[in-house]
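In what follows, a structure is listed as structure tokens, so that the remarks can point back to it.
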There are 2 protein chains.
Amino acid sequence: MKKIILDVMSGDNAPLAMLQGAIDAVREIPDLAVTLVGDETVIRNMAAEHNWDLTPFAILHAPDVVTMEDEPLSIVRSKPESSLVKGLRALADGQGDAFVSAGNTGALFTAGTLVVRKVRGIQRASIGAVLPTEPNVLLLDSGANVVVEPAYLEEFAVMGSAYVRRICRLESPRVGLLNNGTESCKGTPMHVEAFRILSACPEINFVGNVEASAIGDNVCDVLVTDGFTGNILLKTMEGVGKLMLGRVKRVFLTNTLTKLAALAVKKPFTAVKKDFSSEEHGGAPILGLAKPVIKAHGSSGPLAVKNALRQAMLFAQADVIGDIADAAARCRARRQAEKENNENAKIQTNDDERGSDA
Amino acid sequence: MKKIILDVMSGDNAPLAMLQGAIDAVREIPDLAVTLVGDETVIRNMAAEHNWDLTPFAILHAPDVVTMEDEPLSIVRSKPESSLVKGLRALADGQGDAFVSAGNTGALFTAGTLVVRKVRGIQRASIGAVLPTEPNVLLLDSGANVVVEPAYLEEFAVMGSAYVRRICRLESPRVGLLNNGTESCKGTPMHVEAFRILSACPEINFVGNVEASAIGDNVCDVLVTDGFTGNILLKTMEGVGKLMLGRVKRVFLTNTLTKLAALAVKKPFTAVKKDFSSEEHGGAPILGLAKPVIKAHGSSGPLAVKNALRQAMLFAQADVIGDIADAAARCRARRQAEKENNENAKIQTNDDERGSDA
């Protein structure tokens, strides 16, 4: 049995889509319990209105709501009674096994880091985005860490590998570094150093630099980058998706024959369109926190909410975080040993120099 | 009459496609003269083989060729007899009005900067890429300057505006800064500073930050960014293009009806596919050099070569470079005046302080 805490007041369609999704989820998914966080009166009234039975749910009353306009850095202090902050506190206190919210991404990330805290040894948590490729690619970071250091990218690689290994059951996920060419000298000095560090990291299966044109070519399972570039990649996918489907639509309007052709393929095309919207890439795991947190898309309907709950359940069951903690500890030990080796070598050199001076 | 120097030995289909394109161009484009740079024996033999008349052309013999493996930084010294270097030298010496090459982009950019030199006052030249949007957007930088400073982005904005103003006849091209959000605080510290500088620049029509998802939304005519991010955007477009058309193809294979539908739209679809390949975005102008240089796509066929020659002719006729030089001079004067103002203010403050001390 896993208990998932759901931020009922989050997302564009809250609380209706959240409640409907939760009701469907507990009905369909075995061993799932859901705690609803939000304004209890609103929840009970809506349930009564729709004739929904709330007995399977625990309700955690939270009278306040985080909006898209709220400043991520201050909400823990300014909105302690919000569903987002109260839900994260409940998760941190052990009242649930995972937390799902469709709200303000920055607020969820920042409050998550402050309230749930990070795994020991992890410097930066990161939001993963699932790219609509086949097979899927987990892009880390998708926007939270605008400026990164090479060591953060190593952490993203380790965390992404743990997630994909456990959730997608891939023995040895391939990790790529998003770059402007495949050679090891490519990119900024930060990328060159990241390439060196990733190549030397025994925790991951690093396959080298990956160009953005190869995202659909099944060359990696985890793609690491800074959050700025990750955002540009995701948003370009969305922009090109819109652009191409507009162009395709025009092709279908060419003449009577093409208009008939359009009727035959209209429905599957809508699915393709959805695939390439950044809102539809599946729930995004926040990796590096001490407990599982899933960011559902802001536009989530009941189906997306149900899927996010399922994903949170998998995340909680699979002990991804245990793997991340173990890998972080090994990385830490390795760095410590390297440091000591270097210092010993330095002392040795100094001794030698003194010896030759004498 | 404008004389365009064409690197006949460049590109995947050299020299055949280059020669064929040149022959078509001089036949179709009034007032165009073309100088062919390359191995004269090879050129004459190929012309004889195809029964092509070479009398409209000047030929500049260049026995050596720059390959994709050549190191950009060293080719001016290591390959002085290459068609690329000899063509650029001829351009610099006034033997032609523009240069077109489909060869090694890095080599063309670096050798162009060394041989043709930059416009006075311009710190960094930049390669523009024409995005397949409607209307087109000129993306600067598309890959040459991996790390930039805010002042370079101002130069890109000024140069891109001059190009679009003259070539696309837009009175006041809208300039956007590619960023991970529209607010002025978005992006890295570099972006925040660039936003401030671009907002204050009287030479351009700055419309603010532009998200990658809005590239097709007709929000700007010139989009400035660093060359790393520019590469990621272009290559993501290419990757998503491949991915989506694969998905679309599968839609058409669903059943007999959709297969029939496919027949009706096959040809226009091929055109859409071509649009989204990074190789097909039109010839890329190198801006900031003292003479017009166009990088044609490596995969250029005769039609692309002809179009690149037409584009080079427009570039040479339109005095884009005169505009860039004027704007650079005004920017320089403005910066100088600001500096002097600041220094005067400082002296005044010091005097005041001494005054109050006495």
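In what follows, every chain begins at residue 1, and chains take the letters A, B, ... in the order their sequences are listed. As the structure is a computational prediction, the values presented were derived from the model and not from experiment.
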For this session: Please report the shortest heavy-atom distance between A:Val240 and B:Met244, naming the atom on each side.
Result: O-SD, 4.5 Å
Exercise. Non-hydrogen atoms of chain A under 4.5 Å away: do they reach the side chain of B:Leu263, the backbone, both or neither?
Worked result: neither
Seminar exercise, completed: Cut-off 4.5 Å, heavy atoms of chain A, and the answer for B:Val146 is both
For this session: With a 4.5 Å cut-off on heavy-atom pairs, point out which of A:Val147, A:Thr254, A:Leu233, A:Thr225 contacts chain B the most.
Result: A:Leu233
Exercise. Between atom CD of B:Glu134 and atom CG of A:Leu243, what is the distance when rounded to the nearest 0.5 Å?
Worked result: 7.5 Å
Exercise. Closest heavy-atom contact between B:Thr133 and A:Arg247?
Worked result: CA-NH2, 4.1 Å
Problem set entry | Value rounded to 0.5 Å, distance of NZ in B:Lys235 from CD in A:Glu211 | 3.5 Å
Exercise. Closest heavy-atom contact between A:Asn179 and B:Phe228?
Worked result: OD1-CE1, 3.3 Å
Seminar exercise, completed: Of B:Asp226, B:Asn255, B:Val251, B:Ile215, the largest count of non-hydrogen pairs under 4.5 angstrom with chain A goes to B:Val251
Problem set entry | Interchain contact, B:Ile232 with chain A, by part (heavy-atom threshold 4.5 Å) | both
Problem set entry | Short side-chain to backbone donor-acceptor contact, A:Lys242 and B:Gly216, under 3.5 Å | no
Seminar exercise, completed: From the list B:Thr236, B:Leu257, B:Leu260, the residue making the most non-hydrogen contacts under 4.5 Å with chain A is B:Thr236
